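Just so it is clear, the values below take in all heavy atoms, side chains as well, and ignore hydrogens, waters and symmetry mates. Just so it is clear, the model here is predicted, and its values are computed rather than measured.
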Amino acid sequence: MESTKSESYFVFMNYDPEYQRLLNDRTKRGTNELDLYLNRKHDEVLARTLEPGSYKKTCSFVIVDGFEVEITEDQANVLRSVKEVRVVEKNEEFP
């Protein structure tokens with residue numbers, strides 16, 4: 001049975017030498033390049049893997065090369081099989 005309820009998941013990427021190179025550039029230009037690179041990279045993984053309009057990326061995390069996305073459990077399982085993805089974890093909010 002396919003799950004249809006979207007929830008927040010954290011997706012962390014595998015080692016990427018280009019990310020490491022850009023992360024080490026502490027200039028303003030380097031910071032901007034890193035932001036653009038990660039947003040594009042994360043968007044491309046989602047676009048290549050999931051149906052358009054079926055997810056909502058809420059943000060990219062520069063410090064860990066990851067992002068937060070609202071997806072179903074089935075979509076999370078699909079993302080887990082992507083070679084560039086290291087970990088997909090549901091955001092567990094506590095009261």
Side-chain angles (χ1 to χ4, degrees):
M1 182 169 177
E2 193 171 311
S3 70
T4 57
K5 181 182 176 195
S6 287
E7 298 181 270
S8 180
Y9 284 82
F10 295 116
V11 179
F12 301 102
M13 308 302 284
N14 280 323
Y15 176 77
D16 175 359
E18 181 64 7
Y19 162 75
Q20 291 299 323
R21 184 188 72 76
L22 291 169
L23 187 63
N24 290 328
D25 184 349
R26 303 288 182 176
T27 65
K28 184 172 179 78
R29 180 174 180 239
T31 300
N32 289 337
E33 284 183 33
L34 178 59
D35 286 342
L36 291 171
Y37 174 75
L38 287 181
N39 272 306
R40 184 175 52 248
K41 176 177 138 177
H42 298 158
D43 289 345
E44 287 173 359
V45 166
L46 288 167
R48 191 176 68 239
T49 309
L50 304 176
E51 289 293 319
S54 69
Y55 60 88
K56 179 183 175 192
K57 184 180 91 170
T58 53
C59 64
S60 286
F61 304 116
V62 172
I63 193 98
V64 293
D65 188 6
F67 58 94
E68 183 177 12
V69 63
E70 293 176 12
I71 53 176
T72 66
E73 184 178 344
D74 291 338
Q75 289 173 309
N77 289 330
V78 169
L79 277 175
R80 287 183 180 102
S81 69
V82 174
K83 69 176 181 168
E84 299 97 339
V85 172
R86 181 172 38 96
V87 176
V88 178
E89 286 293 330
K90 186 174 170 186
N91 180 8
E92 299 289 338
E93 295 184 17
F94 297 100

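Hydrophobic cluster membership is shared by Val85 and Val78, with clusters built from Ile, Leu, Val, Met, Phe, Trp and Tyr side chains linked at under 4.5 angstrom. Clustering ILVMFWY residues whenever any of their side-chain heavy atoms sit less than 4.5 angstrom apart, transitively, puts Tyr9 in the very cluster that holds Val82. Grouping the Ile, Leu, Val, Met, Phe, Trp and Tyr side chains by contacts below 4.5 angstrom, directly or via other members, places Leu38 apart from Met13.
To the nearest 0.5 angstrom, Ser54 atom OG is 4.0 Å from Gln75 atom CD. Separating the OG1 atom in Thr72 from the CG atom in Asn77 is a distance of 8.5 Å, to the nearest 0.5 Å. Between the CG atom of Leu46 and the OH atom of Tyr55 there is a distance of 5.0 Å, given to the nearest 0.5 Å. Here the straight-line distance linking atom CZ of Arg48 with atom CD of Glu84 works out to 4.5 Å at 0.5 Å rounding.
By the 6.0 Å contact criterion, CD on Gln20 is enclosed, its count of non-hydrogen atoms from other residues, nucleotides or ligands being greater than 12.
Under the side chain to side chain donor-acceptor pair (under 3.5 Å) criterion, Arg86 pairs with no residue, sequence neighbours left out. Thr27 meets the side chain to side chain contact (heavy atoms under 4.5 Å, CB included) test with Asp25, Arg29; sequence neighbours excluded. Arg21 is linked by a side chain to side chain donor-acceptor pair (under 3.5 Å) to Glu18, counting only residues two or more places apart in sequence or in another chain. The side chain to side chain contact (heavy atoms under 4.5 Å, CB included) check on Glu92 picks up Lys90, Phe94, with sequence neighbours excluded.
Judged as a ring-ring contact (aromatic ring centres under 6.0 Å, His included), not a single pair has a partner in residues 14-37 (not counting sequence neighbours).
In this structure the side chain of Leu79 reaches within 4.5 angstrom of the side chain of Val45, judged on heavy atoms.
Proximity of a side-chain donor or acceptor of Asn91 to a complementary backbone N or O of Glu7 within less than 3.5 Å is not detected.
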Taking distance alone, no hydrogens or angles, what donor-acceptor pairs closer than 3.5 Å link side-chain atoms of residues 59-71 to residues at least two apart or in another chain?
from, atom 1, to, atom 2, distance (Å)
Ser60, OG, Asn39, OD1, 3.3
Ser60, OG, His42, ND1, 2.8
Ser60, OG, Lys57, NZ, 3.2
Asp65, OD1, Lys41, NZ, 3.4
Asp65, OD1, His42, NE2, 2.9
Asp65, OD2, Lys41, NZ, 2.6
Glu68, OE1, Thr58, OG1, 3.4
Glu68, OE2, Ser8, OG, 2.4

